[in-house]
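Values in this document were obtained by computation on a predicted structure and should not be read as measured data. Protein chains get the first letters and strands the later ones, always in sequence-line order, with residue 1 at the start of each.
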Amino acid sequence: MNSTKHFNILIIGAGPAGIGAAVALSKRGIKSIAIIERSDKVGGIPSFYKKKKGGVRTFIRWSRGGIPVFGEDYAQWLEKQLLKTKVQIELQTQVLNIDAKKKILTLVSPKEGEVNYSADAIVMACGSREETLAERGWLGGSRPVRVFFTKQLLCLLDGNHLLPMNNPLIIGSDLIGYAAAAKLKAAGASNAVIVDNRSGPKCGFFERLYFRLWSNPKYQGLSIKSIEITGNKTASGVKLNGKNIPCDGIVICGELIPNSELALNGNIKVELHSRKPVVAEDYQLSEPGWFAAGNMLGGFHGAEWCYFNGRRVARGVVNYLSQT
Amino acid sequence: MSCPGKLFYNWSDKDFDESLKFIDTEQLGNDPYDVTIIGAGVVGCALAYKLSLHKLRVLLLDKNYDVGEATSKGNSAIIHTGFDAAVGTLESELVTKASRGWPELAKKLKIPYEECGALLIAINDEQNSHLDNVYEKALKNGVTDVQLLSAEQALELEPQITKNVLRGILIPRESIADPFSTSIAFAEVALTNGVNILLGTEIIGVENANDKIKTLVTGCGKRIDTEIIINVAGLGSRKLADLYEGESFDINPRRGQFLIFDKYSRSAINRILLPIPTANTKGVLVIPTIFGNLIAGPTAEDFTINDNAVADTTVEQLQALLNGASKLYPGLYEQPVISTFSGVRCNCSQGSYWIRCNDGHQGIITVSGIRSTGFTSSPALAEYLISELHEKLGLNLEANPEAIDSRSESSWPGWWKRPYSNNELVKEFPEYGRVVCYCEQISHGEIIQQLDSPLKPRTLDALKRRTRAQMGRCQGFDCMVNVAEIVSNHCNIPLNKITKRGPGSEIISTNTLQY
Ligand SMILES: Cc1cc2nc3c(=O)[nH]c(=O)nc-3n(C[C@H](O)[C@H](O)[C@H](O)COP(=O)(O)OP(=O)(O)OC[C@H]3O[C@@H](n4cnc5c(N)ncnc54)[C@H](O)[C@@H]3O)c2cc1C
Ligand SMILES: Cc1cc2nc3c(=O)[nH]c(=O)nc-3n(C[C@H](O)[C@H](O)[C@H](O)COP(=O)(O)OP(=O)(O)OC[C@H]3O[C@@H](n4cnc5c(N)ncnc54)[C@H](O)[C@@H]3O)c2cc1C
């Protein structure tokens, strides 16, 4: 392994939160900053929601009067902000593990192989993912193909122009689920059935009203204790309360869970079940010099909230640096 | 080196690799096979491996689109010492024998293996009263390195187990291994030594069973000639035996469900935790896996042979399972579950290891009821079957001097060796530094390497078992489509034709449009 490269600040993740932090830190005059991103582009989740004629705009810009935009447009705006700075951008670079005490990251990339970077302070902006079937705890049955997470649906629908199903069934009823139903309908599928184990949908009334521009999904929730996925080779439906709801594909949506495994494995305090890192004042984590921003904090936050949150976290980082 | 065998898939799609397509029986050669093995589970693969060390024409076939894709992929992955086997049975003999050979076998075949040991614990008076019997039984089974432990000793070894422990038994050689690599390794070496392998091919008929040369009829209507038929078709062995008028027997599939816990949990427990076994099952265990997770299971639920739900998981049973396993390690409630799976035991009413030579006709062997120990015993069972083939079916055994019995150093799975840590390798092949599966930290290079490996895996599930991509905590949220794209690009299969488990399981519904 090569020797360790040192930076003032390292940011893990170039989604809205990481970019917000990078932009703010660089504006405050901090010189050596690197942002580390494992995918091949910056922008995080929004970059997967491509711009399409007649497509669904799912990212709301409150700072611009609440206009909805395509994720791709927002990601491009973020990228532009980032490129105005001198922040070093490392793409296709995954942080493998951390040494919290020494503030060292071990990372790997095709360019450099495995290397160590160290920093005076580190911002974790690793984002979140959707809970698996098992994590949700109320979904059983068979293991057919065509049971997707939203991100997979995006990669097929927006990334590859492939509509994977005609009669979708969506499990999970927050904004992501309603947005998925709208996107599927806009792409030519029929109105989805949305299923959740709660009496009403999680997605707010006005957001649902907005997605009605594209689709009118049917919601099923009341008194569901558990459901079973059916289908031998491909998904053919779900059984709930003895009734079968047919479909030819399932999307598992929402219920975000923070990507906090780096922190956890590095002995930074994380609540095990929610996987939320324990944060103190200024978004500091349990080890000094470590901070978290954006959806990594837990819960569901829109992209712009994450961007501004990243900027706020930067303030805390500057405070910390001025004290040490 | 001997002439390597041929590999074919019964995969007719126009976009599938021509050189791997099974189109015509002539591809398999004109002479009848000496031995055809029906079922490429761990037992069939082990048998192919051992037979390939002899000068024989052997065919291994399976209806699935990978080896080891049935019961052999859904088990506890323990290499049992056989300490609790029924004394004096063939099962006990084969398990204890195989268990001693495993460390050597794992090294030769590059199968990740760890001698983690097991701790059997009694947590109430009734269980405590059985403990001495279990200990005596272990000694009778020749497992003499077991140790009786007091509660304090048990807690010292495993501080996280229940404080209700009364006494325990340490079984030092009880081990864990990678069940997926095992079937694959056996089959790869067999292929290298000249065994032909045919996947996606179900046997639905046997003709001329009474003749010296018998004919197998495949689901796709082809005919394959062979002198000897070995039915190691697991849950399918019953239906298959009917095709050649084998002696009647019954299979009562017994499902076992498991919970998989995230890797954070693995540091809490070092050894396999066992309850006191009952007559019916070994009970619910807590098991470290070779991959670095903990699993809890299995349940024991009986089904009828034609019930399609047999491989499902159920919310209720899994909750009960968690409650059961927590009796051994109460901290399990805290641990995040990332996934669940189930496996189905081939439970034969006539008894375990139900083996019939010249079954129905001369030259046919039926092997069934390899219920709960087949992963461990497979190498010894294969040797036993070969001696039966020689003695009872008159098969001529001549060693093949050119055969190899091991895999090369580069066959170690990537997740075990971490090629991205090898900077020289990454410099030469940067793809080993490009992480695709973030959770299990699996690189693009490892996926390509597996696509080019001898058995030419072409389905997402087959790749999953080899690379561990999609097997981590996010269950493919981040990498599933990326992996599919890599297969698509590398093998020239359009993305919409990529499958989970072979034809009929395409990730994209065929009647949807590009949009
Ligand atoms: C499937 C899904 C759909 C969503 N849809 C919407 C929507 O339609 N509208 C909306 O407003 N919000 C949506 N959200 C919420 C969305 O996540 C936020 O709006 C925003 O993207 C969060 O920003 P972030 O920077 O915190 O995380 P992310 O955007 O997730 O960015 C995190 C970045 O960190 C990188 N990273 C993580 N770990 C590492 C590591 N170890 N090494 C290197 N890089 C790493 C990731 O590759 C990623 O690029 C969705 C979220 C998800 C998960
Ligand atoms: C829950 C559970 C836990 C277990 N735990 C352990 C353990 O810890 N340690 C251990 O040693 N063992 C364990 N076992 C047992 C072990 O998994 C089995 O004994 C072993 O996998 C059996 O292998 P097999 O090759 O006989 O069967 P299988 O793996 O079922 O293979 C049979 C093959 O035959 C094929 N087939 C069937 N019919 C046809 C046909 N007509 N034409 C073509 N192909 C056909 C099938 O597709 C299948 O691939 C466990 C089993 C279960 C279910």
Beyond-backbone contact of A/R129 with B/R473, side-chain heavy atoms, under 4.5 angstrom: yes

Quick check on A/I252 against chain B: is it the side chain, the backbone, both or neither that has a heavy atom closer than 4.5 Å? neither

Option passing side chain to side chain contact (heavy atoms under 4.5 Å, CB included) with A/R143 (candidates B/D461, B/T340, B/D312): B/T340

As an exercise, state the distance from NE2 of B/H444 to CD of A/Q92, rounded to the nearest 0.5 Å. 10.0 Å

Just by distance, do the side chain of A/K233 and the backbone of B/P503 share a donor-acceptor pair under 3.5 Å? yes

Max heavy-atom pair count under 4.5 Å with chain B, selected residue of A/A134, A/S226, A/C155, A/G141: A/G141

Heavy-atom check, side chain of B/I508 versus side chain of A/R146, under 4.5 Å: no

For B/F261, is it the side chain, the backbone, both, or neither that has a heavy atom closer than 4.5 Å to a heavy atom of chain A? neither

Side-chain ion pair, A/D40 and B/R434, N-O less than 4.0 Å: no

Is it the backbone or the side chain of B/R418 that comes under 4.5 Å from a heavy atom of chain A, or both, or neither? neither

Return yes if some donor-acceptor pair links the side-chain N/O of A/Q94 with the main-chain N/O of B/Y438 below 3.5 Å, else return no. yes

Residues B/V426 and A/P110: closest non-hydrogen pair is CG1-O, 3.8 Å

I need the minimum non-hydrogen distance between A/G137 and B/V315, along with the two atoms involved. O-CG1, 3.4 Å

Counting only heavy atoms not in A/K41, do more than 12 sit closer than 6.0 Å to its NZ atom? yes

Between B/N423 and A/E112, is the side chain to side chain donor-acceptor pair (under 3.5 Å) condition met? List the steps. CA-CA 8 Å; B/N423 281 0; A/E112 294 192 284; over 6 Å; no

Between A/R275 and B/P336, is any pair of side-chain heavy atoms under 4.5 Å apart? yes

I'd like to verify something: which residue of B/G445, B/C474, B/G476 has the highest number of heavy-atom pairs under 4.5 Å with chain A? B/C474

For the pair A/E130 (side chain) and B/F477 (backbone), establish whether a donor and an acceptor sit closer than 3.5 Å, ignoring hydrogens and angles. no

Value rounded to 0.5 Å, distance of CG in B/N308 from OG in A/S142: 9.5 Å

Heavy-atom closest pair, residues B/Q335 and A/L272: OE1-CD1, 4.0 Å

Given that the side chain runs from C-beta out, which part of A/S128 has a heavy atom under 4.5 Å from chain B: side chain, backbone, both or neither? backbone

Do the side chains of A/K151 and B/D478 get close enough for a salt bridge, i.e. N-O under 4.0 angstrom? yes

When only pairs under 4.5 Å are counted, which of A/K225, A/E131, A/E135 shares the most heavy-atom pairs with chain B? A/E135

B/K239, NZ atom: more than 12 neighbouring heavy atoms under 6.0 Å: no

Exactly one of A/V95, A/V108, A/L107, A/T93 should register a side chain to side chain contact (heavy atoms under 4.5 Å, CB included) with B/V435. Which one does? A/V108

At a heavy-atom distance under 4.5 Å, which candidate from B/K427, B/E485, B/E431 has the highest pair count against chain A? B/E485

Ranking A/N232, A/L96, A/N265 by heavy-atom pairs under 4.5 Å to chain B gives rank one to A/L96

Under a 4.5 Å cutoff for heavy-atom pairs, which residue among B/G433, B/S421, B/C479 has the most contacts with chain A? B/G433

Flag, side chain of A/H273 to backbone of B/Y333, donor-acceptor distance under 3.5 Å: yes

Going by atom types only, do A/E114 and B/N422 share a side-chain donor-acceptor pair under 3.5 Å? no

Of all of B/V436, B/N482, B/V337, which one pairs up most often with chain A through heavy atoms under 4.5 Å apart? B/V337

Residue pair A/L156, B/V481: steps toward the side-chain contact (heavy atoms from CB on, under 4.5 Å) verdict: CA-CA 7 Å; A/L156 293 170; B/V481 179; 4.0 Å; yes

Is there a donor-acceptor pair under 3.5 Å between the side chain of A/T234 and the backbone N or O of B/S505? no

If you count every heavy atom of other residues, nucleotides or ligands that lies below 6.0 Å from A/K50 atom NZ, does the total exceed 12? yes

To the nearest 0.5 Å, tell me how far B/Y420 OH sits from A/T106 OG1. 9.5 Å

With rounding to the nearest 0.5 angstrom, report the CG to CG distance, A/N160 to B/L495. 5.0 Å

Distance in Å, B/S509 OG paired with A/L163 CG, rounded so as to fall on 0.5 Å steps: 8.0 Å

Mind checking the CE-CZ spacing from B/M480 to A/F149? Nearest 0.5 Å is all I need. 9.5 Å

Considering only heavy atoms, which portion of B/Q257 lies under 4.5 Å from any heavy atom of chain A: side chain, backbone, both, or neither? neither

